[in-house]
Amino acid sequence: MSDINCIKHLRNNKGLSISEIQRTMGINWRTAKKYADEDQLPKQKSFKKKGMMYEEKWGVIVSDWLFEDLKLRKKLRRTKKQIFEELKKMV
């Protein structure tokens, strides 16, 4: 995103040509033209996490446990098996 904003700044505020922007930024001419002359910015994609851990309530619980365990010494942290056993008790 910062490169796109820089291209737009060079074109609109500095008045540089597409070829000068291309040489300055070290990018393809078509890319420079695409971002310099278009009004729309590309949207960032947001990925939704999938799977049992995120579709149900388990993901939040496990991430909280792991965050709590970070404060403990390594030997005292929960193992995968211990997490699984605690989740089974909750069901």
Side-chain angles (χ1 to χ4, degrees):
M1 275 317 260
S2 63
D3 290 341
I4 297 169
N5 293 331
C6 184
I7 292 169
K8 288 193 169 290
H9 174 73
L10 290 173
R11 180 70 166 174
N12 297 333
N13 298 339
K14 302 280 183 177
L16 296 180
S17 68
I18 302 294
S19 298
E20 290 172 330
I21 294 172
Q22 177 248 331
R23 276 187 241 113
T24 305
M25 300 284 295
I27 56 175
N28 192 323
W29 188 86
R30 288 187 193 111
T31 306
K33 175 142 180 69
K34 175 177 151 183
Y35 292 124
D37 293 341
E38 282 188 13
D39 291 333
Q40 295 179 347
L41 292 175
K43 297 178 183 175
Q44 287 185 331
K45 295 179 182 179
S46 61
F47 297 101
K48 184 178 179 189
K49 295 182 179 181
K50 297 178 183 177
M52 180 185 77
M53 293 294 289
Y54 300 101
E55 292 172 358
E56 297 178 13
K57 60 185 177 192
W58 310 120
V60 176
I61 294 170
V62 172
S63 64
D64 288 343
W65 286 347
L66 293 174
F67 183 72
E68 290 171 3
D69 286 353
L70 282 176
K71 298 172 186 171
L72 299 173
R73 287 191 354 239
K74 197 167 189 173
K75 292 257 183 183
L76 298 176
R77 295 179 187 167
R78 293 179 182 99
T79 62
K80 290 185 266 185
K81 189 171 184 175
Q82 289 170 337
I83 291 174
F84 178 73
E85 294 297 327
E86 288 183 36
L87 286 174
K88 278 188 0 187
K89 289 179 193 173
M90 293 179 73
V91 175

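All heavy atoms count here, side chains included; hydrogens, waters and symmetry mates do not.
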Can you tell me how far apart [atom1] ([X]) and [atom2] ([Y]) are? Round to the nearest 0.5 Å.
| X | Y | atom1 | atom2 | result |
| --- | --- | --- | --- | --- |
| D3 | I27 | CG | CD1 | 7.5 Å |
| I7 | L16 | CD1 | CG | 11.5 Å |
| R77 | L70 | CZ | CG | 5.5 Å |
| S17 | K33 | OG | NZ | 11.0 Å |
| L76 | K74 | CG | NZ | 12.5 Å |
| D64 | D69 | CG | CG | 11.0 Å |

(message) Side chains of I61 and E86, heavy atoms from C-beta outward: is any pair under 4.5 Å?
(response) no
(request) Taking the side chain as every heavy atom from C-beta outward, state whether M25 and L10 have any pair of such atoms under 4.5 Å apart. (result) yes
(request) Determine the minimum heavy-atom distance between K8 and Y35, stating which atoms define it. (result) NZ-O, 3.2 Å
(request) May I have all residue pairs that pass salt bridge (charged side-chain N to carboxylate O under 4.0 Å, His left out) and include part of residues 9-22, sequence neighbours excluded? (result) R11-D37
(request) Group every Ile, Leu, Val, Met, Phe, Trp and Tyr by side-chain heavy-atom contacts under 4.5 Å, then state whether W58 and L66 land in the same group. (result) yes
(request) Please check if V62 and F67 belong to a single hydrophobic cluster, counting links between Ile, Leu, Val, Met, Phe, Trp and Tyr side chain heavy atoms closer than 4.5 Å. (result)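 Different clusters: V62 never reaches F67 through Ile, Leu, Val, Met, Phe, Trp or Tyr contacts under 4.5 Å.
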(request) Indicate yes or no for a side-chain donor-acceptor contact from R78 to the backbone of I83 under 3.5 Å, with no hydrogens or angles considered. (result) no
